[in-house]
Amino acid sequence: MTDTALPQDDSRARRNVAVLVGAQAVLGAQMPMIFVVGGLAGQSLASNPCFATLPISLIVLGSMLSATPMAHVMQRFGRRTGFFLGALFGAVGAAVGAWGLYTASFPVFLLGSFLTGTYMSAQGFYRFAAADTASDAFRPKAISYVMAGGLLSAIVGPQLVKLTSMSMVIPFLGTYLAVIAVNLVGALLFLLLDIPRPPVPAHDAPRGRSRLELLKTPRIAVAVICATVAYSLMNLVMTSTPLAVVGCGFTPSHAADIVSAHVLAMYIPSFFTGHLIARFGVERIVTTGLVILAGAGAVALSGVTIDRFYAALILLGLGWNFGFIGATAMLAGEHEPHERGRVQGMNDLIVFGGVTFASLASGGLMNCSGGTAEAGWTAVNVAMVPFLTLAGGALIWLAMRPRAA
């Protein structure tokens, strides 16, 4: 690994993007796998159905708590070390989760989910790593391409669930064993990553703004709010989807296919999201994402037929893509290199804090609102309204500020 200057043609950045796209495709497959079976496995182990989605919530909680330490690790030791560490925790978390299923222990299963959260946190930094060696012009496209790597994970993950979920006597055990293999194989890709380790700052080097000062920067504050809302609402609805689909009389295979369509919708637009940002600006793309998320909620509230589940989840994925990638691009252009670890760690701490709350609320709303799957599904989608209002208000406030400010 060299520390040479960035070539004008972005050749190093393009190589790193290719590696990160591969990592997103291979390692990223574990997230749709776990999100499909986590709630169903939790429902089979938990004594109270209101806690069925707690395994998903513990993943997000683990991601939130590990975001800042992971940012510090990458700032000091480099991206490659952090990504290897994330894959290690992904494998260990899956192994502990498998042991929890084997012993029918809900607490052990939850511990495995919590450890898996560290992988989820590391995966969240793929998009920032894509920007590290990219020029200003290539940066939005680099972020978008890396997010597009999730397209293959959207296909591979749910299909692996179909092959493995009932492959052993204990339901879903085979899926968690497959996740271990995904982490061990996928981690090898990081040997090809070429991102220089951040230089050790001199004693007289600028320390940059504090976290509070960063949050007081209008565009950073709005970027964090919009990223948090987009990711939280996506998680709120997606976490409940397998429970809603099965609860409304459909099969786990239907749930896997719907989640697969959703994840495809999350990542297919990434092939052109960066170009749209470059042409129309991040504010318009983020606004479009929020409008599409509102549309997803409206479709979900219109009925519980299989076609409406598909349509709502596809819109949910598309809205997440525009909202989250747009907010990430907005954030990436608003800080200095020596502020990178502080900004990105703070951002993901807040984002996954919101996602943790949404995930915890999802199970309670789905299983403990009205007594039926239809009533729970309605409660989940109505809960989107205040958060969409918050993000929309933040964008309006930013647009009304004088540009010079």
Side-chain angles (χ1 to χ4, degrees), residues 64 67-68 71 74-75 124-147 206-234 269-270 273-294 319-355 386-405:
M64 179 191 74
T68 298
M74 293 186 186
Q75 184 73 33
F125 285 94
Y126 292 175
R127 68 194 195 278
F128 291 124
D132 285 350
T133 54
S135 65
D136 291 343
F138 184 57
R139 186 181 296 122
K141 297 175 184 178
I143 295 171
S144 186
Y145 292 151
V146 169
M147 299 302 290
R207 297 188 56 83
R209 293 163 287 180
S210 68
R211 290 176 177 83
L212 181 59
E213 289 171 331
L214 290 165
L215 279 175
K216 287 181 177 180
T217 304
R219 287 178 64 81
I220 290 179
V222 173
V224 171
I225 289 171
C226 291
T228 302
V229 168
Y231 213 134
S232 298
L233 295 186
M234 185 277 291
S270 297
T273 307
H275 296 277
L276 293 175
I277 291 172
R279 180 172 180 178
F280 298 107
V282 290
E283 293 88 349
R284 291 181 181 178
I285 299 304
V286 174
T287 300
T288 302
L290 296 177
V291 171
I292 295 172
L293 287 172
W320 173 87
N321 182 282
F322 281 14
F324 189 65
I325 293 181
T328 298
M330 186 186 296
L331 184 74
E334 293 298 315
H335 60 82
E336 301 297 328
H338 55 272
E339 297 173 327
R340 184 178 70 189
R342 190 176 304 135
V343 171
Q344 294 170 7
M346 175 192 67
N347 175 76
D348 280 13
L349 176 66
I350 295 172
V351 167
F352 288 112
V355 176
F387 300 100
L388 287 171
T389 303
L390 170 65
L395 283 169
I396 292 171
W397 170 78
L398 183 64
M400 294 177 64
R401 287 178 57 84
R403 191 65 181 175

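Considering only residues two or more places apart in sequence or on other chains, Phe387 meets the side-chain contact (heavy atoms from CB on, under 4.5 Å) condition with Val229, Leu233, Phe357. Taking the side-chain contact (heavy atoms from CB on, under 4.5 Å) definition, one finds that Ala67 meets it with Ser121, Asp348, sequence neighbours left out. Applying the side-chain contact (heavy atoms from CB on, under 4.5 Å) criterion to Thr273, with sequence neighbours excluded, gives Ser144, Pro269, Ile277, Ile285, Asn321, Phe322, Ile325.
The only option from Ile396, Leu331, Leu395 that meets the side-chain contact (heavy atoms from CB on, under 4.5 Å) definition with Val222 turns out to be Leu395. Exactly one of Val291, Leu290, Ile292 qualifies for a side-chain contact (heavy atoms from CB on, under 4.5 Å) with Thr288. That residue is Ile292.
Distance CG/Asp132 to CE/Met74: 9.5 Å, rounded to 0.5 Å. Considering CD1 of Ile220 and CD1 of Ile225, their distance stands at 12.0 Å, rounded to 0.5 Å.
No side-chain heavy atom of Arg284 sits under 4.5 Å from any side-chain heavy atom of Arg279.
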Criterion side chain to side chain contact (heavy atoms under 4.5 Å, CB included) on Met234 and Tyr231, from CA distance to verdict: CA-CA 5 Å; Met234 185 277 291; Tyr231 213 134; 3.5 Å; yes

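Shortest non-hydrogen contact noted between Met64 and Gly353 is SD-CA, 3.0 Å. Of all heavy-atom pairs between Arg127 and Ile143, the closest is O-CG1, 3.5 Å. Considering every non-hydrogen atom in both Ala327 and Ala223, the closest pair reads CB-O, 3.4 Å. Between Val351 and Phe324 the shortest heavy-atom distance is CG1-CE1, 4.4 Å. Shortest non-hydrogen contact noted between Trp397 and Pro218 is CH2-CB, 3.7 Å. A pairwise comparison of heavy atoms in Ala230 and Gly323 identifies CB-C, 4.1 Å as the closest pair.
Here the side chain of Thr228 pairs no donor or acceptor atom with the backbone of Gly354 at under 3.5 angstrom.
Phe125 and Phe128 have tilted rings, their planes meeting at an angle from 30° to 60° on a 0 to 90° scale.
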